[in-house]
Amino acid sequence: MYNLKEIRKNFGAFKKALEKRAVDVDFKKLETLDVENRELIQKKEALEKEKKDISKTKDKSLFVKSKEISVNIEKISNQQTIISEKLKKILSNIPNIPHTDVPNGRDENDNVEVKKSGNIPKFDFKSKSHYELGENLGMLDFDLATKTTGSRFVFVKGALALLERALSNFMLDTHIYKNGYQEVSPPLLASENTMFGTGQLPKFEKDQFEIKLEEGTDRKFLIPTAEVILTNIVKDKIIDLKSLPLRFVASTPCFRKEAGSYGKDTKGMIRQHQFYKVEMVSIVEQEKCLDELERMTNCATDILDLLELPYRKMILCSGDMGFSAEKTYDIEVWLPSENKYREISSCSSCSTFQAVRMKARYKNINKETINVGTLNGSGLAIGRTLIAVMENYQQKDGSIVIPEKLRPYMNNLEKISLK
RNA sequence: GGAGAGAUGGCUGAGCGGUUGAAAGCACCGGUCUUGAAAACCGGCAAAGGGGCAACUCUUUCCUGGGUUCGAAUCCCAGUCUCUCCGCCA
């Protein structure tokens, strides 16, 4: 979210910067409301001062007047509340402004490749998709999940379930012991306010699973990513400069409605309502965001390098970035069955955008209280990594070789095969 | 589910109708002392919003929302959350 104070300073520049995003914001209304709002605040404050002064004199003859003022204040204050709510509504629906590094573009076709790594496997047999491999092994069961739950869920069984767990532990260990992140095991439900903090609400409510609770209690949502709950660790806080940067990592299930992607990736476990993901979150001094983004992205690619999976690193264009991001790298892994790269991680700097929403601040060297910078990145999406391992390490007989680094996490199993 | 206790600044914690934005301590920052550090002593130290080029100034804020009052951190009502004890379940 943007600070109205900052926008006011240079309204034109703000408007221009947002054009890259192709969002329709009623700037005229924003400007008018801002002026009205401030006028009302001034009126209100003048009256409040008058009332306060009377109270200080303790002069009984003025008490009647004070009472009148109170009525007036209430009237103005109500108007002001309405206007400031309108303002907040407009402001909270404005996305972050893309950093100047970000290429202009409409959609994913305009993303720019910045790096490519690893060797694409060449099979001397007809390769299979992960769901063919998994179903043949009897270790992926989509039909069963449909029966028990519904579409876009899956049962993972046997050695593949072990592989999934191994991936989680391997990634966590790498980020904890090598990359300096603190492990967190967070709640999987988030309050409305928490969801607002990272930008999932109010604009993207239809993508979230909400838990049905008794009437009158606070709303709660299943987290669509651990980013939500990890970033909000610093909500409403003024952090000691010395404790920055904060780096958190968690492996959690994620829940997404995937509204608007009907008919997309319906086969297999590419796009599920529930999936595991290892998520990294960094809280940094605001001017260190971009450096941290490079660092974090390297932590993500580190995993793919260790697993020896081929991938490429993309910088997202302005039109393809998430609501809260100022700059995003996507890491895409090679999937033989689709003969293309698919997203396996997304690392974003959100500058102070989320921090403003969360009221997360720190005192800088000059003792000014300012908003922190927040970053988040997958390191990595476990479900998709599982797919990538299956497809890239598949053998002619339908078995799957386990990447060396994962074997210690799997009782030194070298290969997953029938029986 | 039953019975109590509580929610105050970065933290701990006093205040329980009128200069209280809020004692004290810790933390932090500056200074004196010291070869340096520690200790000791002195001083500083809330946030949000409005106005002003600025120095500065005004308003709001003691969980949230109502109420009483000329005036509320302090009194009343409702709600949320936390803690303790008992029960129940993992």
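Lettering follows sequence order; numbering is per chain, from 1.
Looking at residues two or more places apart in sequence or on another chain, you find a ring-ring contact (aromatic ring centres under 6.0 Å, His included) between A:F323 and A:F204, A:F353. The ring-ring contact (aromatic ring centres under 6.0 Å, His included) test applied to A:F14 returns A:Y2, not counting sequence neighbours. Listed by chain and number, the residues in a side-chain contact (heavy atoms from CB on, under 4.5 Å) with A:Q80 are A:N37, A:L40, A:I41, A:K44, A:S84 (sequence neighbours excluded). A:Q395 is linked by a side-chain contact (heavy atoms from CB on, under 4.5 Å) to A:D397, A:S399, A:V401, counting only residues two or more places apart in sequence or in another chain. Residues satisfying the ring-ring contact (aromatic ring centres under 6.0 Å, His included) criterion with A:F153, sequence neighbours excluded, are A:H273.
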Between the protein and nucleotides 44-47 of chain B, list every N/O to N/O distance that falls short of 3.5 Å.
unit_1, atom_1, unit_2, atom_2, d
B:A47, OP1, A:K363, NZ, 2.6
B:A47, OP1, A:T369, OG1, 2.7
B:A47, O3', A:R361, NH1, 3.2
B:A47, O2', A:R361, NH1, 3.3

Atom pairs, N/O to N/O, protein against nucleotides 71-78 of chain B, distance under 3.5 Å?
unit_1, atom_1, unit_2, atom_2, d
B:G71, O4', A:S55, OG, 3.4

Below 3.5 Å between N/O atoms, which protein atoms pair up with nucleotides 58-62 of chain B? Just atom names and distances, please.
unit_1, atom_1, unit_2, atom_2, d
B:U59, O3', A:E48, OE1, 3.3
B:U59, O2', A:E48, OE1, 2.5
B:U60, OP2, A:K52, NZ, 3.1

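Look at A:K288 and A:E285 and you find a salt bridge, because one of the NZ, NE, NH1 or NH2 atoms lies within 4.0 Å of a carboxylate O, short of that distance.
Distance noted for atom C1' between B:A24 and B:G13: 8 Å (whole Å). Atom C1' of B:C41 sits at a distance of 14 Å from the matching atom of B:U34, rounded to the whole Å. A gap of 37 Å separates the C1' atoms of B:A40 and B:C56, to the nearest Å. Between B:A39 and B:C28, the two P atoms lie 9 Å apart (nearest whole Å). Nucleotides B:G18 and B:G9 are separated by 23 Å at their C1' atoms, to the nearest Å. For B:A7 and B:C75, the P atoms lie 11 Å apart once the distance is rounded to whole Å.
No side-chain N or O of A:S349 forms a donor-acceptor pair with one of A:K327 less than 3.5 Å apart. Defined by atom type and a distance below 3.5 Å, a donor-acceptor pair is missing between the side-chain atoms of A:K313 and A:T297. In this model, a donor atom of one side chain and an acceptor atom of the other lie less than 3.5 Å apart for A:E294 and A:Y329.
For residues 315-326 of chain A, there are no salt bridge (Lys or Arg N to Asp or Glu O under 4.0 Å) pairs, not counting sequence neighbours. Counting only residues at least two apart or in different chains, salt bridge (Lys or Arg N to Asp or Glu O under 4.0 Å) contacts with residues 155-170 of chain A comprise A:D141-A:K157. Applying the salt bridge (Lys or Arg N to Asp or Glu O under 4.0 Å) test to residues at least two apart or on different chains, the pairs with a partner in residues 245-258 of chain A are A:R247-A:E292, A:E258-A:R271.
Counting non-hydrogen atoms under 4.0 angstrom, A:N3 reaches the backbone sugars and phosphates but no base.
Nucleotide B:G50 holds its P atom 16 Å from the CD atom of A:E36, rounded to whole Å. Nucleotide B:A48 holds its P atom 7 Å from the NZ atom of A:K5, rounded to whole Å. Atom NZ of A:K359 and atom C1' of B:A48 are 9 Å apart (whole Å). Residue A:D34 contributes atom CG, which lies 11 Å from atom C1' of B:G50 at whole-angstrom precision. Remark: C1' of B:G50 and CD of A:E39 are 13 Å apart, rounded to the nearest angstrom. Look at CD on A:E192: it is 15 Å from P on B:U80, rounded to the nearest Å. Rounded to a whole Å, the CD atom of A:Q42 is 11 Å from the C1' atom of B:G52. With rounding to whole Å, A:L47 atom CG is found 18 Å from B:G50 atom P.
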Residue pair A:N104, A:S318: steps toward the side chain to side chain donor-acceptor pair (under 3.5 Å) verdict: CA-CA 5 Å; A:N104 248 317; A:S318 54; 3.2 Å; yes
List the steps, then state whether side chain to side chain donor-acceptor pair (under 3.5 Å) holds for A:K51 with A:S70. CA-CA 8 Å; A:K51 188 176 155 185; A:S70 297; 3.0 Å; yes
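Side-chain contact between A:M195 and A:P224: present, with at least one pair of heavy atoms (C-beta onward) separated by less than 4.5 Å.
Secondary-structure annotation of RNA chain B gives the stems B:1-7 with B:80-86, B:10-12 with B:24-26, B:28-32 with B:40-44, B:46-51 with B:56-61, B:63-67 with B:75-79, with a stem taken as at least 3 successive Watson-Crick or G-U pairs whose two distances both fall under 3.5 Å.
Side-chain N/O atoms of A:R219 include none lying less than 4.0 angstrom from OP1 or OP2 on B:U80.
Annotation: of the two residues near RNA chain B, A:F63 and A:D240, the 5′-most nearest-nucleotide partner is A:D240.
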